[in-house]
Amino acid sequence: MKYDHKEVEAKWQKIWEEKGCFHAEENSDKEKFYALIEFPYPSGQGLHVGHPRPYTALDVVSRKKRLQGYNVLYPIGWDAFGLPTENYAIKNHIHPEEVTKKNVARFKKQIQSLGISFDWSREINTTDPDYYKWTQWIFLQLFKKGLAYKKEMAVNWCTSCKCVLANEEVVNGVCERCGSEVVRRVKSQWMLKITEYADRLISDLDLVDYPPRVKAQQINWIGKSMGAEVDFKTTEGDILKIYTTRCDTLFGATYMVISPEHPCIEKWSSRIKNIDEVRAYQNEASKKSDFERTELAKDKTGVMLDGVKAINPVNNTEIPIFVSDYVLISYGTGAIMAVPAHDTRDWEFAKKFDLPIIEVVKGGEDVQKEAFTDCATGVLVNSGFISGLSVEDAKKKMIGWLTENGVGTAKTNFKLRDWVFSRQRYWGEPIPIVHCDKCGYVPIPESELPLKLPMVDSYEPTDTGESPLSKMTDWVETTCPHCGGKAHRETDTMPQWAGSSWYFLRYMDPHNDTALAGKEALEYWSPVDWYNGGMEHTTLHLLYSRFWHKFLYDIGVVPTPEPYAKRTSHGMILGSDGGKMSKSRGNVVNPDDIVEQYGADTMRLYEMFIGDFEKAAPWNEASIRGCRRFVERYFNLQTKLIEGNTIRPELESAFHRTIKKVGEDIENIKFNTAIAALMALMNDITEAGSINKKEYAIFSILMNPFAPHITEEVWSTMQLGEGIIAEQSWPVYDESKCKENEIEIAVQVNGKIRAKLMIPADADQSTAIEIAKNDSNVKKSLENMNIIKEIYVKGRLVNIVVKP
RNA sequence: GCCGGUGUGGUGGAACAGGCAGACACAAGGGACUUAAAAUCCCUCGGACUAAACAUCCGUACCGGUUCAAGUCCGGUCACCGGCACCA
């Protein structure tokens, strides 16, 4: 029999679309299930075979859930604002809106050819004014609650293009496009106070089912630490505030380091004798990103301030102050005390500048030769009133002392920084704020939303570093909603992260024009039951969207504190050379070619069979043929069909075990072994030589989530019933029928395999050991030996421990 | 550098909670069918020893440890991947 995948797949895709098979029901009594994938960025390159991996995975889950009677929401949309589209538009003189439209159309066609059961009636697009109306609305609520504010922040500035660059556009310190020098330049930016939610973003991880590695990454990213702020007096009479998690080591602080951006430098400029040297250093530091500054154990640079010194509050010793770029202004207070004996960076710095190294925690080798950093459990020495205490006790006593003397307090700190929310770009949501000289920053009235992105002739960056919108004088000049006076609009736009921070809510009620989604829909569908996405989104998108959701929860818009009940992560699909798929490597595989040659069902099976879903796997064209062969073997079972409406006894155990395995594996994201189990069952059926209707029906349903087209086709030609999707009957297994009567166990002597034996499955320890000892090879190993111990692991093995 | 992860045959991978390493596939080799090829079906397939089988020994990146038993747990090393806040 010949299987024509093109005809069959087109036929069923048409039927599904016409019948609206995958539309989530609106007012259903059924239990809901909301599956979510990270919506794609419609790039100009089109889909590559990496995209469908997560889509297919949750499609398998969604289809199985539908067969189990759930009301499933499995939506898709487009995360369409962003830099590449804008750059493409600039280069080719096509409006970004046109580019987006074209890219979306292509992506959509490609995705639809895979037979993914998305509910296309809920398709959304972040660049659609009806959508970003609500992105802007959320921003206004944040603003009203004081969570959006303006702050001077460093940006990458290309000295030649005269524009702000994204980090990605800076390669080795120069502009990616023109190769000119890039410097850090300070600009006033909109910020969102995600730090206000830092504690809850950690503690509420207890409420959700995320992989441990995702939780760990988020917790470390937020970086909560309990420490102290300590005031160091300076010879200038004023105070230098530092943050430390190790206030117990204060007696070992032999110098201080401030960041090149620290305001004290300006304040003391007249007293710093080597101010020119310091300024030159500041200038050099402005060329580096935070990453470059803190990266690598490479040479520590710095300049000592000549003319100002600090005084260590615990022993009144004068210590020098350095400026060095490994201290960042954005973390803590932008100043640290350095304890070279117990910190590697400080130690290297002290060696280079020949500064004293004083051991304050006992237990290491010679601190003059190497820093002793593994000292969280040691005992304090050379530390006055805390000498002899454990680190824990010393910290407590020191905080007490600092507080009593008014020179410090306990302080919790976070590595997490507030979210820089403005971009000097065209292709993003306009920030709905007006600046009035009299009233300051004023939100535009909600009734005026959406504030539409105006059509401009040129979306190229301006020479001044302002957004292209700033050239639109008609649009920029407006009146203040508050006082009615002259005012101008904010011309910066939002980052791409804005639209993706709440899109899952819009899917619940995508056409609502009075709210981001209706109360009822939010109540019914929240939270997302299963969200799959890439590990690369763990610390930005995933955290940002949790932050927005918590904010919306606080203002009573959404009913749950967390947006996603469960999160899973897929591994990347690599090129056949084992490298990341990219145009430049020339290893990109287009799914269209695979669908054309092998069909969508084969493509889906291969994507799921390729390896552990959570791990990266290289694409291998040859392996696809194995999946195609499996599909054909399934199809050709029709020639071996016999009558019968119960599973035959010889296949009963195999069927029940497979039903169990496939169901469990899908829930546990072990799609590869679910397919392996189906293949194994196929081998059992082949061995049996025939298949009856009942068996074929069960096999078809089990395979349907992976290969939906061919299974429906077989179901319909064999007239097994109304249709797999229509019948909603995922098979149920009987635990007692999964078991076999006889099982093979391994027999070990001293942990070495000496025999493999069949024993009754229900054999107890003494029976199993008895049978084991009777094996001739085992007997040989036991000769002249004394038995010390006998171990039986039920259904697995016997181990006899002996000694001569 | 810091945070998180990964490392198993020629290849992709499997191995419940510490209990038979290599399931299920791919590739390769041999055979059947065929005038022939493709397709299909059957057999072999980690290494050493062996004519072959049995048996035995070695083998899950590397070094060491815990245990009756380690791919799995612990300590260390190396290599690779993801993230590092304006790519998405």
Side-chain angles (χ1 to χ4, degrees), chain A residues 38 40-41 43 79 82-84 153 155-156 164-170 189 194 211-214 216-221 223 289-291 294-298 326 330 344-345 415-425 495-497 500 534-541 543-544 569 571-572 574 578 580 606 609-612 614-627 629-630 632-633 636 670 672-673 675-680 682-683 686 744-756 777 780 788-802:
Chain A
E38 283 168 346
Y41 174 74
S43 73
D79 187 15
L83 198 58
M153 288 297 292
V155 294
N156 301 309
V164 177
L165 299 182
N167 286 343
E168 190 174 77
E169 297 174 295
V170 183
Q189 304 269 31
I194 189 173
R213 65 186 199 274
V214 172
Q217 284 268 91
Q218 291 210 339
I219 290 167
N220 293 340
W221 180 260
S289 65
D290 288 359
F291 175 51
T294 52
E295 143 195 78
L296 309 171
K298 71 182 170 198
Y326 78 90
S330 50
T344 313
R345 279 187 305 188
K415 283 208 181 93
L416 182 70
R417 313 207 284 254
D418 276 341
W419 176 2
V420 183
F421 198 69
S422 35
R423 300 289 183 272
Q424 293 69 49
R425 288 282 177 169
Q496 166 279 336
W497 305 113
S500 62
M535 273 312 282
E536 69 274 19
H537 290 112
T538 303
T539 51
L540 297 179
H541 159 67
L543 208 56
Y544 289 151
S569 258
M572 227 185 288
L574 307 170
K580 206 170 168 171
Y606 178 60
F609 188 60
I610 192 166
D612 185 339
E614 298 188 271
K615 291 185 197 151
W619 188 259
N620 180 354
E621 177 99 31
S623 290
I624 302 170
R625 284 198 282 273
C627 290
R629 246 172 246 163
F630 175 58
E632 282 174 8
R633 283 177 76 196
N636 289 332
K670 299 289 177 200
N672 54 337
T673 49
I675 293 169
L678 285 169
M679 288 173 166
M682 171 72 78
N683 291 341
T686 307
E744 192 188 61
I745 60 155
V747 183
Q748 300 179 333
V749 177
N750 284 347
K752 303 248 181 210
I753 302 279
R754 289 292 176 254
K756 291 182 183 187
N777 205 37
K780 220 165 70 189
I788 310 255
K789 205 171 173 185
E790 293 168 332
I791 295 152
Y792 175 55
V793 182
K794 195 158 196 297
R796 301 233 161 236
L797 59 61
V798 168
N799 189 12
I800 302 168
V801 185
V802 297

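A note on names: the letters A, B, ... follow the listed sequences, proteins ahead of strands, and every chain is numbered from 1. Here the structure is a predicted model, which is why all the values come from computation and not from measurement.
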Taking N or O atoms only and anything under 3.5 Å, show me the protein contacts with nucleotides 63-71 of chain B, one pair per line.
{"from": "rC68(B)", "atom 1": "O2", "to": "Asn799(A)", "atom 2": "ND2", "distance (Å)": "2.5"}

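Remark: Asn220(A) is in phosphate contact with rG4(B), judged by side-chain N or O atoms under 4.0 Å from OP1 or OP2. Between Arg423(A) and rC86(B) there is a side-chain N or O to OP1 or OP2 distance below 4.0 Å. When the side-chain nitrogen and oxygen atoms of Arg629(A) are compared with OP1 and OP2 of rA27(B), one or more of them lie within a distance under 4.0 Å.
If you check every strand for non-hydrogen atoms under 4.0 Å, Lys756(A) touches a base. Within 4.0 Å (heavy atoms only), Leu540(A) reaches at least one base atom of the nucleic acid. Residue contacts for Gln424(A): at a heavy-atom cut-off of 4.0 Å it reaches a base atom on one of the strands shown. Counting any heavy atom pair closer than 4.0 Å across all strands shown, His537(A) reaches a base atom. Among the protein residues, Val170(A) comes within range of no part of the nucleic acid, since none of its heavy atoms lies under 4.0 Å from any strand.
In this structure, Lys794(A) has no salt bridge (Lys or Arg N to Asp or Glu O under 4.0 Å) partners at least two apart in sequence or on a different chain.
Heavy-atom nearest nucleotides on RNA chain B were determined for Asn672(A) and for Arg625(A), and the one closer to the 5' end corresponds to Asn672(A). Both Gly795(A) and Ile675(A) lie close to RNA chain B; mapped to their nearest nucleotides by heavy-atom distance, the more 5′-ward contact belongs to Gly795(A).
Asn167(A) and Asn156(A) share a side-chain donor-acceptor pair at under 3.5 Å. Between the side chains of His537(A) and Glu38(A), at least one donor-acceptor pair of N or O atoms lies under 3.5 Å. Side-chain contact of Gln189(A) with Ser422(A): a donor-acceptor pair under 3.5 Å is present, judged by distance alone.
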Residues 748-756 of chain A, side-chain donor-acceptor partners within the protein, below 3.5 Å, at least two apart:
{"from": "Asn750(A)", "atom 1": "OD1", "to": "Val802(A)", "atom 2": "N", "distance (Å)": "2.9"}
{"from": "Asn750(A)", "atom 1": "ND2", "to": "Val802(A)", "atom 2": "O", "distance (Å)": "3.4"}
{"from": "Arg754(A)", "atom 1": "NE", "to": "Ser781(A)", "atom 2": "OG", "distance (Å)": "3.3"}

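In this structure, rG9(B) shows a glycosidic angle within 90 degrees of zero, which is the syn conformation.
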